2 protein chains.
Amino acid sequence: MPKQVDYEARRLRIADAVCALIARSGMEAVSLRDVAAEADVSMGAVQRCFRTKEEMLLFALEHISRRVGERAEERIAATSAPQAASTLLTHTLSELALLDEESRTQAHVWLAFVGHAPAGERLAAVLRDTYAKLHDLVEWLIRYGQDTEEIPQHLDPAHEAHSLLAVADGLTVHVVAGYHSPETALAVLQRQVDRLLR
Amino acid sequence: MPKQVDYEARRLRIADAVCALIARSGMEAVSLRDVAAEADVSMGAVQRCFRTKEEMLLFALEHISRRVGERAEERIAATSAPQAASTLLTHTLSELALLDEESRTQAHVWLAFVGHAPAGERLAAVLRDTYAKLHDLVEWLIRYGQDTEEIPQHLDPAHEAHSLLAVADGLTVHVVAGYHSPETALAVLQRQVDRLLR
DNA sequence: CACTTTCCGATGCACTTGCATCATATCCCT
DNA sequence: AGGGATATGATGCAAGTGCATCGGAAAGTG
């Protein structure tokens, strides 16, 4: 049997390089050569991993979508059981809003892709169902809050989830655009969650 | 005196072409040649109007920022005087969220620029103070609502304006990404405004 | 150690990019 | 009408683009 290589690992490595480049200098600055250099592999390797540039970008998007989702669930799981539903909600949403410094990169990348949604249908599809998943997550948290009686029964979890997701994404935009600091954004988010509690 | 040309008009024409191109196929698809073709002028004309491509993009961004702001104020002014503050708020916000079909182009362009904010400082500056202006507008509307006693006095107009703006921008993202229909988004916005009224 | 099979990375290629150049056409003022 | 300033658009150019190609390096098996 011939030489074998861990393609998946390399793909991930390349995806990270793509994200770094996008975050640093925008999406149009992403060229195969630059990606190869950033990932510290040869251009040939990149071409072997992805048949086309678009495929590469798509994979990068799926990659960060997955990471965002995972981190959110992880944060929920990590919270020790007897936690107030409201703080759970706040934490999760602030994770989704990509506010902290380390998530900044992901926020840039995410918005760059949103900006390209009209251009690529497959890309838009990934965005769509990532949002659907996140919505379900938030809705579930709200129901949980209703079970613990922190959140009034008369509120519609699906509706409230839509609002909260919108606020979170709006804040992402505002932070990336430099209009809000992460702290301010967090405060806005907090107030929005608190409003559910009465 | 020699030949004279209405540069401002041409610049606007070119800016519109830029926006159309961005909305149709993303920001990286914008080349001087394509812009010239779309605006139906020669490439030389484009180069005379803007010294560099970046300058052209910046102008285009300022252009649509101005248009969004103007349309919002226009909608307020057009509303006959004895209008409920709440409907005024809803109308203005839905305008800002760029929900309707005709604003779709502007929404795409706007988000494309947000995606490039990290890359260009001057660009980010425009975004920042456009948001500042919009915030002031919304805050003013909320105060007006408090004057007419539709909105409780104990609410902080600045804070509420932040929340509402965030929701509006979040919905813009969701609509552009194809996750929400404009109608759904409008409903979310409506509910968010209604919540202020008690 | 050879050998087969997979992988690599340099190079080539056709094309596009943003910007500079310049002869020509265009217009206003005297 | 004509002179002189200005705008114009075709063309040139170097750099960069995505993708295709291919000789040879590398690795697991006999």
Side-chain angles (χ1 to χ4, degrees), chain A residues 1-22 24-61 109 112-113 115-116 119-123, chain B residues 1-22 24-61 109 112-113 115-116 119-123:
Chain A
M1 234 184 273
K3 187 175 178 184
Q4 280 289 42
V5 144
D6 186 346
Y7 276 97
E8 203 52 27
R10 198 195 291 287
R11 267 198 266 264
L12 289 179
R13 184 196 183 97
I14 291 175
D16 281 334
V18 170
C19 291
L21 275 178
I22 292 182
R24 191 184 315 142
S25 18
M27 176 151 239
E28 70 206 4
V30 174
S31 74
L32 294 191
R33 285 165 180 81
D34 292 350
V35 168
E38 176 82 21
D40 204 51
V41 300
S42 83
M43 214 177 106
V46 176
Q47 290 187 267
R48 187 160 312 277
C49 281
F50 304 101
R51 218 164 352 180
T52 175
K53 184 187 182 183
E54 193 189 328
E55 216 173 82
M56 180 182 77
L57 292 175
L58 193 64
F59 182 87
L61 173 59
V109 176
F113 277 113
H116 281 242
E121 180 45 39
R122 313 217 18 208
L123 218 137
Chain B
M1 233 183 275
K3 187 175 179 181
Q4 279 289 44
V5 145
D6 187 347
Y7 277 98
E8 204 52 28
R10 198 196 293 287
R11 265 198 268 263
L12 290 179
R13 184 196 182 98
I14 291 175
D16 282 335
V18 169
C19 292
L21 275 178
I22 292 182
R24 190 184 317 143
S25 19
M27 175 149 242
E28 70 206 7
V30 174
S31 75
L32 294 191
R33 286 166 177 81
D34 292 349
V35 169
E38 176 83 20
D40 204 51
V41 299
S42 82
M43 214 178 105
V46 175
Q47 295 190 72
R48 187 161 313 278
C49 281
F50 305 102
R51 215 162 356 184
T52 175
K53 184 187 182 181
E54 194 190 329
E55 217 173 81
M56 179 181 78
L57 293 175
L58 193 64
F59 182 87
L61 173 59
V109 176
F113 277 114
H116 281 242
E121 180 44 41
R122 313 217 18 207
L123 219 138

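These numbers were taken from a predicted model, which means no experiment stands behind them. Order of the sequence lines fixes the chain letters, A, B, ..., with proteins taken first and strands second; residue numbering starts at 1 for each chain.
Residues Met27(B) and Glu28(A) form a side-chain contact, since some pair of their non-hydrogen atoms from C-beta on lies under 4.5 Å apart. In this structure, Val30(B) and Met56(B) have side chains that are in contact, with non-hydrogen atoms separated by less than 4.5 Å.
One atom, CG of Leu21(B), and another, P of dG18(C), lie 11 Å apart when rounded to the nearest Å. Per the geometry, CE belonging to Met27(B) stands 15 Å off C1' belonging to dT17(C), to the nearest Å. Atom C1' of nucleotide dA7(D) and atom CG of Asp6(B) are separated by 14 Å, given to the nearest angstrom. The CD-P distance, from Glu28(A) to dG16(D), rounds to 15 Å in whole Å. The distance between atom CG of Leu32(B) and atom P of dG18(C), rounded to the nearest whole Å, is 4 Å.
DNA chain D is contacted by Met43(A), Gln47(A) of residues 34-47 of chain A, taking any non-hydrogen atom closer than 4.0 Å. Taking every heavy atom of residues 49-61 of chain B and every atom of DNA chain D, no pair lies under 4.0 Å. Contacts of residues 7-15 of chain B with DNA chain D (heavy atom under 4.0 Å): Tyr7(B), Arg10(B).
Surrounding CD of Glu54(B) are at most 12 heavy atoms belonging to other residues, nucleotides or ligands under 6.0 Å away.
Contact annotation: Ser31(B) side-chain N/O to dT17(C) OP1/OP2 distance is under 4.0 Å.
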Give every donor-acceptor pair under 3.5 Å between a side-chain atom in residues 32-46 of chain A and any protein atom, sequence neighbours left out.
unit_1, atom_1, unit_2, atom_2, d
Asp34(A), OD2, Ser31(A), OG, 3.4
Glu38(A), OE1, Arg24(A), NH2, 3.1
Glu38(A), OE2, Arg24(A), NH2, 3.2
Ser42(A), OG, Gly44(A), N, 3.3
Ser42(A), OG, Ala45(A), N, 3.3

Dot-bracket encoding per residue of DNA chain C, Watson-Crick/G-U cut-off under 3.5 Å, | denoting interstrand: ||||||||||||||||||||||||||||||
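Applying the ring pair (Phe, Tyr, Trp, His ring centres under 6.0 Å) rule to pairs touching residues 24-61 of chain B yields Phe50(B)-Phe59(B), sequence neighbours excluded.
Listed here is the closest heavy atom pair of Leu57(A) and Phe113(A): O-CZ, 3.4 Å. Summarising the geometry of Ala119(A) relative to Gly26(B), their closest heavy-atom pair is CB-N, 4.2 Å, with the distance given to 0.1 Å.
The base of dG16(D) does not come close enough to the side chain of Arg33(A) for any donor and acceptor atom to sit less than 3.5 Å apart.
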